[in-house]
Amino acid sequence: MRLDLPKVYPITDTRCSGLSHAEQVARLIEGGASVIQLRDKHAPPREFYREAAAALKVARDHHVGLIINDRVDIALALKADGVHLGQTDMPAEAARRLLGQTAIIGFSTHNLEQAKLAMGLPIDYLAFGPVFPTSSKENPDPITGLEALREISALKGSMPLVGIGGITLGTAVAVLRAGADAVALIADLVADSSRIATNMSKILTLTALTANNSSSS
């Protein structure tokens with residue numbers, strides 16, 4: 001699978017939603033998600049493996065892409081569509097060697113220097129943020145804001161850019177207009193588990209008419 005970056009990039013969180021990754025994936029797909037990231041900073045590896053395997057089956061049944069946060073080993077073992085790496089995770093070059101050329105590899109950056117360095121890595125998309133204050137990380141990096149996102153957008157060339165951190169249904173369009181090709185959301189999509197499908201559908205509608213860099217280039 002190669003990356004066809006959607007404007008909305010949902011991320012699962014079991015603590016935030018109170019649901020398994022598989023159930024979140026099912027509800028996000030019901031709302032129209034086409035690529036989903038599994039993120040779990042707390043589950044032991046064996047537990048996350050089982051959860052990810054179940055979520056991947058749901059995604060495969062609906063022809064939806066599934067990216068594993070941090071865990072290259074789990075992505076490799078399950079033959080997931082790819083992995084999302086942070087600054088302290090396995091180097092992108094090593095992940096590429098393990099996962100192969102067809103895997104999707106995303107990479108988080110939190111300032112201009114990190115973003116510039118990442119543009120030379122063997123990755124498929126660059127994430128930048130936190131654009132706004134976020135509660136999904138215990139020790140978040142300093143807020144970057146929309147202006148820094150505009151700077152990265154001007155420098156990135158053809159590299160897809162994902163805005164991350166504190167993005168909501170109310171701010172997603174502003175992030176796309178600032179130069180992001182996509183927006184990643186957690187809490188505003190999954191915190192109310194009864195509204196996951198509704199929230200996903202709503203943000204797709206809100207962002208549908210907003211041209212991002214991928215669609216305008």
Side-chain angles (χ1 to χ4, degrees), residues 1-11 35-39 41 65 67-72 75-76 80-168 171-186 207 210-217:
M1 175 180 175
R2 295 305 298 165
L3 181 62
D4 181 13
L5 188 70
K7 289 180 184 176
V8 181
Y9 186 13
I11 302 175
V35 177
I36 299 168
Q37 182 186 139
L38 295 193
R39 181 178 184 272
K41 301 292 187 180
I67 309 298
I68 305 294
N69 182 274
D70 293 350
R71 299 304 301 258
V72 177
L76 178 64
D81 295 298
V83 68
H84 183 91
L85 301 172
Q87 289 290 314
T88 60
D89 294 326
M90 178 183 291
E93 297 90 343
R96 179 61 72 196
R97 288 195 298 271
L98 285 171
L99 298 176
Q101 294 304 308
T102 60
I104 296 166
I105 298 180
F107 190 70
S108 285
T109 62
H110 310 293
N111 56 53
L112 186 59
E113 181 181 359
Q114 289 178 359
K116 286 180 177 179
L117 289 172
M119 290 172 198
L121 297 176
I123 60 176
D124 297 283
Y125 69 86
L126 172 70
F128 184 74
V131 181
F132 304 111
T134 177
S135 59
S136 65
K137 294 185 74 171
E138 293 179 358
N139 297 293
D141 291 274
I143 298 165
T144 62
L146 292 173
E147 190 54 44
L149 185 68
R150 291 188 185 95
E151 289 186 55
I152 302 302
S153 179
L155 296 171
K156 72 181 184 63
S158 61
M159 175 75 71
L161 176 63
V162 180
I164 60 173
I167 298 170
T168 67
T171 59
V173 169
V175 175
L176 292 172
R177 287 176 176 166
D181 296 293
V183 289
L185 293 90
I186 303 177
T207 59
T210 305
N212 61 11
N213 290 341
S214 290
S215 61
S216 61
S217 58

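Taking CD1 of Ile186 as the start and CZ of Arg39 as the end, the distance is 4.5 Å to the nearest 0.5 Å. To the nearest 0.5 Å, atoms CG (Asp141) and CZ (Phe128) are separated by 10.0 Å. Put simply, CG on Leu5 and CD1 on Ile104 are 9.0 Å apart, with the number rounded to the nearest 0.5 Å. Remark: Gln114 CD to Thr109 OG1 distance equals 6.5 Å, nearest 0.5 Å.
Taking all atoms of both residues into account, the shortest heavy-atom contact from Ala115 to Ile152 is CB-CD1, 3.4 Å. Nearest heavy atom pair, residue Ala75 against residue Val83, reads CB-CB, 4.3 Å. Looking at every heavy atom in both residues, Leu85 comes nearest to Ala95 through CD1-CB, 3.9 Å. Pairing each heavy atom of Ser153 with each of Ala178, the nearest pair is CB-O, 4.2 Å. Minimum interatomic distance between Val162 and Tyr125 (heavy atoms only, all atoms of both residues): CG2-CD1, 3.6 Å. The minimum heavy-atom distance linking Asp81 with Gly65 is given by the pair OD2-CA, 3.2 Å.
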Inset, instruction - Test side-chain contact (heavy atoms from CB on, under 4.5 Å) on Asn69 and Ile11 and set out the steps. - result: CA-CA 9 Å; Asn69 182 274; Ile11 302 175; 6.0 Å; no
Inset, instruction - Let me see the working for Leu149 and Leu161 under side-chain contact (heavy atoms from CB on, under 4.5 Å), right down to the final yes or no. - result: CA-CA 9 Å; Leu149 185 68; Leu161 176 63; 3.8 Å; yes
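Counting only N and O atoms by type, the side chains of His110 and Thr144 include no donor and acceptor under 3.5 Å apart. Using modelled atom types, one finds a donor on one side chain and an acceptor on the other under 3.5 Å when comparing Thr168 with Thr171.
Residues Ile36 and Ile67 fail the side-chain proximity criterion, which asks for heavy atoms closer than 4.5 Å. Within the 4.5 Å cutoff, the side chain of Leu76 has no heavy atoms near those of the Arg71 side chain. Between Ser108 and Gln87 there is no side-chain heavy-atom pair separated by less than 4.5 Å. Residues Val72 and Asp89 are not in side-chain contact: their nearest non-hydrogen atoms beyond the backbone lie 4.5 Å or more apart. Within the 4.5 Å cutoff, no side-chain heavy atoms of Val183 are placed close to those of Ile164. Side-chain contact check for His84 versus Leu38: every heavy-atom pair is 4.5 Å or farther apart. Under the 4.5 Å side-chain criterion, counting only non-hydrogen atoms from C-beta, Pro10 is not in contact with Leu185.
Side-chain atoms of Lys7 never come within 3.5 Å of backbone atoms of Ala182 as a donor-acceptor pair (strictly under, hydrogens ignored).
One finds a salt bridge joining Asp70 and Lys41 here, because a Lys/Arg side-chain nitrogen approaches an Asp/Glu carboxylate oxygen to under 4.0 Å. Electrostatic pairing of Lys116 and Glu113 does not count as a salt bridge here, judged by no charged N lying under 4.0 Å from a carboxylate O.
For the pairing with Arg96, the side chain to side chain contact (heavy atoms under 4.5 Å, CB included) check across Ile123, Asp124, Leu121 returns one residue only, Asp124.
Listed by chain and residue number, nothing satisfies the ring pair (Phe, Tyr, Trp, His ring centres under 6.0 Å) test with Phe107 (two or more places apart in sequence, or in another chain).
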